[in-house]
Number of protein chains: 2
Amino acid sequence: MCSTKPIGILDSGFGGLTVVGEVIRQLPQENILYVGDNARCPYGSRPPEEVRKFLFEIIDFLVAQEVKMIIIACNTATAAGLEEARQRYSVPVIGVIVPGSRAAISATKSGRIGVIGTENTINSDAYRRELHRINPRLTVTNRACKPFVRLVEEDLTDTEEARRTVTAYLQPIQTERIDTLILGCTHYPLLAPVIAEVMGEGVALINSAEETAREASTVLSVSQQLHDQNPQPQYKFYTTGDTEYFRQIGGRWLHRDIEVASVALGG
Amino acid sequence: MCSTKPIGILDSGFGGLTVVGEVIRQLPQENILYVGDNARCPYGSRPPEEVRKFLFEIIDFLVAQEVKMIIIACNTATAAGLEEARQRYSVPVIGVIVPGSRAAISATKSGRIGVIGTENTINSDAYRRELHRINPRLTVTNRACKPFVRLVEEDLTDTEEARRTVTAYLQPIQTERIDTLILGCTHYPLLAPVIAEVMGEGVALINSAEETAREASTVLSVSQQLHDQNPQPQYKFYTTGDTEYFRQIGGRWLHRDIEVASVALGG
């Protein structure tokens with residue numbers, strides 16, 4: 001048994017492309033539809049009700065394209081609307097927060113876990129809540145790392161500025177004797193080499209994008225919906241913003257040429 | 001939403017207890033029912049139809065105890081009956097082969113993966129088939145390691161004999177330039193320190209027990225059946241063999257006192 005339908009992946013902009021890259025790597029026979037809501041990005045400063053409204057508009061569009069699964073590849077939208085989306089739609093919906101939490105629980109030996117993310121994600125406390133829901137005995141240290149997204153978006157990940165900034169922001173977390181650090185923002189995997197260098201060998205980095213792709217694989221496998229006969233998968237990208245700009249930035253993130261179409265939502 | 005029902009875990013004997021240990025670690029609020037079919041162990045030399053018959057007898061028993069999920073913590077039984085069990089029962093069923101494969105796909109950078117297991121598991125080729133079903137481009141090297149189970153069952157894991165045997169059996173696989181090695185037998189996690197020493201730092205070890213527990217967490221989470229309010233979980237063990245012997249060996253594997261009841265199956 002298998003399903004040839006595409007996987008639907010969404011984000012407020014480009015960040016979710018790290019999840020796309022991991023789905024391509026770990027599930028190289030799956031077709032993908034991606035929606036980046038660049039016209040209304042960022043979601044972080046908007047009220048949760050508004051984020052949920054945008055989220056359901058995108059999911060409605062993806063469901064109309066007959067996707068077999070939805071991946072909310074955006075921390076803010078996951079925190080705001082994952083549970084309600086699961087009630088609302090019959091296709092399985094997964095977000096980026098739970099997979100990272102679960103992977104950290106599997107990886108930690110000491111039970112001391114760090115979480116870094118945008119200010120909004122850290123303020124939402126969503127990772128700590130999920131970690132404690134599964135295991136109330138864990139010690140969780142949160143740290144907002146505001147400038148990290150800019151370093152990625154401006155392509156500065158391999159610079160002295162990046163090393164200096166990462167070192168400064170991670171210093172408080174280094175005194176907490178964590179053995180596992182969750183990269184709680186879809187942009188951060190692009191900074192992973194610098195973060196690994198700063199944190200040192202004794203700390204396992206949890207890449208939410210990698211873990212989310214893996215959970216997608218689990219859910220499709222258990223529901224017998226993996227696509228296992230598809231040597232030439234198709235990837236389609238939609239943006240609510242400028243298609244040419246998305247083609248340039250998205251192509252750089254994914255290391256491949258992509259075709260981008262415009263989509264109008266809401267209104 | 002949550003479910004207070006136990007997770008059902010089964011094996012032909014003691015091997016599945018590594019999965020129990022990982023479920024306790026990663027899902028410390030879940031109740032567990034375990035069945036070890038010690039009276040008919042090992043399954044490895046039996047025809048697949050007979051293994052399936054035993055498997056369904058155990059699952060019938062667990063379903064009658066109202067478990068919310070079945071984990072087939074036995075490579076032989078997974079290879080023989082996972083797909084049919086999924087058709088046959090309405091509770092979700094997961095096995096030990098797919099989680100290990102998926103974790104290896106997530107871990108490998110070079111696409112060169114090794115698999116070690118009992119002769120039966122390696123001869124069944126189940127890991128290679130699952131790896132190639134998801135990604136046909138992977139290079140997979142198999143190696144049967146017959147004496148490893150005895151080293152574990154006779155509590156010889158931290159001995160010179162273990163180091164010598166592991167070195168001899170893994171030598172052929174070391175020339176294959178793998179970067180990821182699947183421990184494709186539920187006994188092998190107890191040998192992991194020696195295997196890690198022999199394989200060296202550049203090879204990631206995939207512990208099937210750890211990965212299976214994690215997939216159980218994923219499946220329960222997505223179906224909203226995690227038990228998240230249970231500080232004093234209950235663990236019940238059943239064996240078709242001698243209860244006192246199971247209590248001794250099982251207690252040693254799990255580093256805790258366990259209560260064991262007798263169960264009669266088939267006949």
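Note that this is a predicted model, so its numbers are computed, not measured. Numbers restart at 1 for each chain; the letters A, B, ... are given by sequence-line order, proteins then strands.
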A:R214 versus B:S106, side-chain donor and acceptor atoms under 3.5 Å: no
Side chain, backbone, both or neither: which part of A:V219 has a heavy atom under 4.5 Å from chain B? side chain
Pick one of side chain, backbone, both or neither for A:R137, based on which atoms fall under 4.5 Å of a heavy atom in chain B. side chain
Counting only heavy atoms not in [X] (residues, nucleotides, ligands), do more than 12 fall under 6.0 Å from its [atom1]?
X: B:R252; atom1: CZ; result: yes
X: B:D60; atom1: CG; result: yes
X: A:Q234; atom1: CD; result: no

Do A:Q87 and B:Q224 come close enough that some side-chain heavy atom pair is under 4.5 Å? yes
Where on B:A213 is there a heavy atom nearer than 4.5 Å to chain A: the side chain, the backbone, both, or neither? neither
Side chain, backbone, both or neither: which part of B:V98 has an atom under 4.5 Å from a heavy atom of chain A? side chain
Does anything in residues 186-211 of chain A get under 4.5 Å of chain B by heavy atoms, and if so which residues? A:E210, A:E211
At under 4.5 Å between heavy atoms, what parts of residues 69-85 of chain A are in contact with chain B? List them by residue number. A:E83
Could you give the distance from [atom1] ([X]) to [atom2] ([Y]), rounded to the nearest 0.5 Å?
X: A:L27; Y: B:I134; atom1: CG; atom2: CD1; value: 6.5 Å
X: B:S221; Y: A:R86; atom1: OG; atom2: CZ; value: 5.0 Å
X: B:E130; Y: A:D228; atom1: CD; atom2: CG; value: 9.0 Å

Does any pair with a residue in residues 86-110 of chain B pass ring pair (Phe, Tyr, Trp, His ring centres under 6.0 Å), and if so which ones, sequence neighbours excluded? none
Inter- and intrachain pairs under ring pair (Phe, Tyr, Trp, His ring centres under 6.0 Å), touching residues 201-234 of chain B, at least two apart: none
Highest number of heavy-atom pairs under 4.5 Å with chain A: which of B:T218, B:N135, B:I105? B:T218
Please identify, among B:R102, B:Q29, B:Q26, B:E215, the residue contributing the most non-hydrogen atom pairs under 4.5 Å to chain A. B:R102
Passing option when A:V222 is tested against B:V222, B:I94, B:V93 for side-chain contact (heavy atoms from CB on, under 4.5 Å): B:I94
